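Remember, it's a predicted structure, so these values are computed and weren't measured experimentally.
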Amino acid sequence: MKKSERVKKTTAKAGIRQENEKIILKAAESVFAEYGFRGATTSMIAEQANIPKANLHYYFPTKEALYRQVVDNIFNIWLQAADSFDDCDDPVEALSRYIEKKMDISRDNPMGSKVWANEIIQRAPVIQDYLETTLKDWTESRAVIIRRWIAQGKINPVDPQYLLYMIWSTTQHYADFNHQIETLNGGTPLSDAQYRVAKDNVIEIILTGIGAVQRRRSNLLQDNSPKDQQEKGDKA
């Protein structure tokens with residue numbers, strides 16, 4: 001077999017594996033969200049994925065391995081949503097983008113959020129080590145940025161952890177309690193327009209609560225004051 005043919009064959013196999021894992025993980029999210037780790041079985045997940053149970057175990061040898069991959073996936077999606085903390089030093093823009101992405105994730109991937117919520121409600125019997133390491137380290141890294149914003153006078157002096165808890169609980173509410181929201185919305189999911197209003201309201205309430213908008217406006221006015229402009233001219 002020629003090298004080019006071997007490469008094509010290997011690429012094709014990798015593509016098939018990736019697609020099969022995607023199908024299994026999607027099914028696993030749904031089953032774990034409904035039954036939790038203890039109540040779910042690999043037989044139930046295989047049936048949901050419409051594949052033989054043996055095929056599922058070929059990709060994920062144990063239920064715990066599959067469960068941890070589901071949890072890892074949703075956590076990584078949430079991590080990516082927080083990239084705005086790293087590439088923007090304006091809390092208004094950074095937090096607006098973060099909240100909006102978290103709200104979008106809740107709408108597009110509610111099952112993953114429900115798996116996480118169920119695990120935490122059960123006191124994290126499977127992923128406690130994850131909470132004590134990965135989540136703790138990540139939370140502290142965000143807290144450092146929030147403390148810098150406070151020191152720079154960009155937001156009110158709030159506790160960074162409590163701010164993060166509020167953002168998480170509010171945005172994930174739209175995934176974990178989507179049935180309640182649909183019920184109160186006349187039995188139908190929020191429309192695109194309604195969801196846009198929801199996102200705008202959450203962003204405005206949180207940013208106003210920490211004084212981010214007011215402080216940015218005040219800082220801009222101060223930067224553009226005649227005295228400040230004169231001082232800048234003198235330095236130049």
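For the 3.5 Å distance criterion, the side chains of Q122 and N118 fail to qualify, holding no donor opposite an acceptor. For W149 and D89, the side-chain atoms include at least one donor-acceptor pair closer than 3.5 Å.
The hydrophobic cluster containing F60 does not contain I23, counting ILVMFWY residues as joined when their side-chain heavy atoms lie under 4.5 angstrom apart, directly or transitively. Under a hydrophobic clustering in which Ile, Leu, Val, Met, Phe, Trp and Tyr are joined whenever their side-chain heavy atoms come within less than 4.5 Å, directly or via other members, Y98 and Y165 fall into the same cluster. In the hydrophobic clustering of ILVMFWY residues, with side-chain heavy atoms under 4.5 Å counting as a link, F32 and I120 come out together. Connection of L164 to Y162 is established within a shared hydrophobic cluster, with ILVMFWY side chains joined at heavy-atom distances below 4.5 Å, either directly or through further cluster members. Cluster membership check: L25 does not share its hydrophobic cluster with I16, using side-chain heavy-atom separations under 4.5 Å among Ile, Leu, Val, Met, Phe, Trp and Tyr.
When all heavy atoms are compared, the tightest approach of A46 to K53 is CB-CA, 3.8 Å. Between R216 and V92, the closest heavy-atom pair is NH2-CG1, 3.6 Å. Between S96 and L207, the closest heavy-atom pair is OG-CD1, 3.3 Å. Nearest heavy-atom pair, V115 versus A33, reported as atom, atom and distance to 0.1 Å: CG2-N, 3.5 Å. Among all heavy-atom pairs drawn from I45 and L56, the shortest one is CG2-CD1, 3.5 Å. For the pair V202 and M103, the tightest heavy-atom approach, listed with the atom from each and the gap, is CG2-CE, 4.2 Å.
Between V70 and M111, every side-chain heavy-atom pair lies at or beyond the 4.5 Å cut-off. Counting only heavy atoms from C-beta outward, the side chains of N20 and R17 never approach each other to under 4.5 Å. Put simply, the side chain of R148 reaches to within 4.5 Å of the side chain of I145, judged on heavy atoms. E29 places a side-chain heavy atom less than 4.5 Å from the side chain of N109. Between T62 and Y67, every side-chain heavy-atom pair lies at or beyond the 4.5 Å cut-off. Counting heavy atoms from C-beta on, the side chains of L163 and R142 never come closer than 4.5 Å. A 4.5 Å side-chain heavy-atom check between Y174 and K102 finds every atom pair outside the cut-off. Here the side chains of I105 and I74 are in contact, with some heavy-atom distance below 4.5 Å.
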Run the numbers on H173 and Q180 for side-chain contact (heavy atoms from CB on, under 4.5 Å), then give the verdict.
CA-CA 10 Å; H173 174 88; Q180 177 176 275; 3.7 Å; yes

Show the numbers, then the answer: is there a side-chain contact (heavy atoms from CB on, under 4.5 Å) between K199 and D104?
CA-CA 9 Å; K199 288 195 288 188; D104 286 339; 2.8 Å; yes

Check the pair K22, Q18 against side-chain contact (heavy atoms from CB on, under 4.5 Å), reporting the backbone distance first and the verdict last.
CA-CA 6 Å; K22 183 178 179 181; Q18 187 176 25; 5.8 Å; no

Please report the C-alpha distance between L131 and K136 in whole Å, then the side-chain angles of each, then the deciding distance to 0.1 Å, and finally whether the side-chain contact (heavy atoms from CB on, under 4.5 Å) criterion is met.
CA-CA 6 Å; L131 302 183; K136 185 177 180 180; over 6 Å; no

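The pair R196-D200 meets the salt-bridge criterion, since a charged nitrogen lies less than 4.0 angstrom from a carboxylate oxygen. In this structure, R147 pairs ionically with E140, as a charged nitrogen and a carboxylate oxygen lie closer than 4.0 Å.
Here the CG atom belonging to D176 is positioned 7.5 Å from the CD1 atom belonging to I121, to the nearest 0.5 angstrom. One distance of note links OG1 of T170 with CD1 of I203; it measures 11.5 Å at 0.5 Å rounding. Rounded to the nearest 0.5 angstrom, S113 OG and W168 CH2 are separated by 12.5 Å. With values rounded to the nearest 0.5 angstrom, I150 atom CD1 is found 4.5 Å from I155 atom CD1. Interatomic distance, I24 CD1 to H57 NE2, rounded to the nearest 0.5 Å: 10.0 Å. Put simply, CD on E34 and CD on Q48 are 8.5 Å apart, with the number rounded to the nearest 0.5 Å.
Here the options are L66, I127, N76, V126, the test is side chain to side chain contact (heavy atoms under 4.5 Å, CB included), and the partner is V71; only I127 passes.
Crowding of Q214 atom CD: a count of heavy atoms from other residues, nucleotides or ligands under 6.0 Å exceeding 12. Residue Y130 qualifies as enclosed at atom OH: its count of foreign heavy atoms under 6.0 Å is above 12. For M44, the CE atom is densely surrounded, since the number of other residues' heavy atoms within 6.0 Å is greater than 12.
Distance alone, capped at 3.5 Å, places no donor-acceptor pair between the N156 side chain and the V158 backbone. Between the side chain of K154 and the backbone N or O of D90, no donor-acceptor pair lies under 3.5 Å.
Residues W78 and F75 place their aromatic rings such that the two centres sit no closer than 6.0 Å.
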